[in-house]
Number of protein chains: 2
Amino acid sequence: MLHDHAEGNPYQANCPTRRILDRIADKWTVLILSIVAGQPTRFNALRRQVDGLSQKVLSQTLKSLERDGLVTRHAFATVPVTVEYAITPLGASLAETLAPLARWASAHMDEIADAQAAFDQRCADTAA
Amino acid sequence: MLHDHAEGNPYQANCPTRRILDRIADKWTVLILSIVAGQPTRFNALRRQVDGLSQKVLSQTLKSLERDGLVTRHAFATVPVTVEYAITPLGASLAETLAPLARWASAHMDEIADAQAAFDQRCADTAA
DNA sequence: AGCATTTAGTTTCCATTGGATACCTGGTTC
DNA sequence: GAACCAGGTATCCAATGGAAACTAAATGCT
């Protein structure tokens with residue numbers, strides 16, 4: 001178990017790595033982090049860029065990312081107040097890890113679509 | 001928009017890549033896929049290895065992974081029936097993409113814990 | 001005979017989460 | 001003084017997640 005403590009074991013429910021995995025293996029985290037990694041981005045800019053992302057979830061996700069030290073929040077005393085979210089070095093290293101995920105989805109979407117169609121066909125055949 | 005169709009744009013809610021991202025950017029998918037990638041595994045073996053994973057969610061996740069062509073399901077007419085889930089080539093390529101995620105969590109858990117502690121301290125100070 | 005056990009699920013129920021929408025604050029422009 | 005940005009909260013309902021009970025079929029134990 002010392003071994004687990006040293007390395008972390010995400011298969012264990014109460015391990016820190018499991019909690020981290022739960023946070024980072026998330027659709028919105030992947031998308032937001034990849035944008036912010038490119039350049040500092042304002043709250044509403046993020047909301048506009050990520051289609052389907054509600055204000056509430058964006059707010060929660062950003063708060064969580066900030067707490068985890070993955071992004072920083074910077075409020076500027078302009079009028080109206082603008083708030084910019086920027087990547088941290090830790091966040092940048094995660095973004096690099098996450099980027100292949102989006103690329104994989106893009107590269108293999110046709111194969112997945114084919115697999116789904118084949119599966120659904122088999123189901124239909126069985127049912128008939 | 002042809003560009004989007006050719007490459008996929010996960011920032012668009014209705015894009016196939018977004019739906020794929022939603023499926024694969026998931027705690028259970030990461031954990032299950034990484035086990036099955038190692039060797040074919042039975043239903044209950046998965047449930048026992050992944051702490052906190054309920055039968056319902058395991059069943060749903062496996063069905064989804066099978067439909068997406070990432071794992072195959074093989075039922076053996078033993079008694080009681082045993083069912084083995086095995087990785088496909090497509091699933092193996094995803095597992096390779098996902099593995100760095102768990103490794104990242106393991107490698108940076110201390111930094112995240114520190115960031116959280118610092119953040120909570122700042123919050124406490126502000127509140128006080 | 002009859003009951004527990006095993007496998008792989010499904011079903012049921014309740015708590016948590018997600019998403020849509022409305023609202024708030026504060027200053028500016030028209 | 002009404003309308004309009006920004007960056008959020010508050011509220012409500014639907015969907016999801018998880019715990020636990022239940023199913024089926026066959027075998028072993030008593």
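Sequence lines set the chain letters: A, B, ... in the order given, protein chains first and strands last, and positions in each chain run from 1.
Side chain of B:Asp68 to main chain of B:Leu70: no donor-acceptor pair is present (N/O by atom type, distance under 3.5 Å, no hydrogens or angles). Remark: side-chain polar atoms of B:Thr61 are paired, donor with acceptor, to backbone N or O of B:Val57 under 3.5 angstrom. In this structure a side-chain-to-backbone donor-acceptor pair under 3.5 Å is present from A:Thr29 to A:Arg23. Between the B:Asp51 side chain and the A:Gln12 main chain, no donor and acceptor come within less than 3.5 Å of each other. With hydrogens and angles ignored, the 3.5 Å screen pairs a side-chain donor or acceptor of B:Thr78 with a backbone N or O of B:Thr82.
A side-chain donor-acceptor contact under 3.5 Å links B:Ser34 and A:Tyr11.
The nucleotide range of DNA chain D contacted by chain B, defined by atoms under 4.0 angstrom from heavy atoms of the protein and reported 5' to 3', is D:dG17 to D:dT27.
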Report all side-chain donor-acceptor pairs from residues 96-103 of chain B shorter than 3.5 Å, counting only partners two or more places apart or in another chain.
residue: B:Thr97; atom: OG1; partner: B:Ser93; partner atom: O; Å: 2.9

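Legend: residues meeting salt bridge (charged side-chain N to carboxylate O under 4.0 Å, His left out) with B:Asp114, ordered by chain and number and at least two apart, are absent. For B:Arg47, the side-chain contact (heavy atoms from CB on, under 4.5 Å) criterion is met by B:Asn44, B:Gln55, B:Leu58, not counting sequence neighbours.
Within residues 63-87 of chain A, the residues having any heavy atom closer than 4.0 Å to DNA chain D are, in order of number, A:Lys63, A:Arg73, A:Pro80, A:Val81, A:Thr82, A:Val83, A:Tyr85.
Salt-bridge check for A:Asp120 with B:Arg67: passed, with a basic side-chain N closer than 4.0 Å to an acidic carboxylate O.
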Can you tabulate the close N/O pairs, meaning under 3.5 Å, that link protein atoms to atoms of nucleotides 16-21 of chain C?
residue: C:dG19; atom: OP2; partner: A:Trp28; partner atom: NE1; Å: 3.2
residue: C:dG19; atom: N7; partner: A:Lys56; partner atom: NZ; Å: 3.1
residue: C:dG19; atom: O6; partner: A:Lys56; partner atom: NZ; Å: 2.2

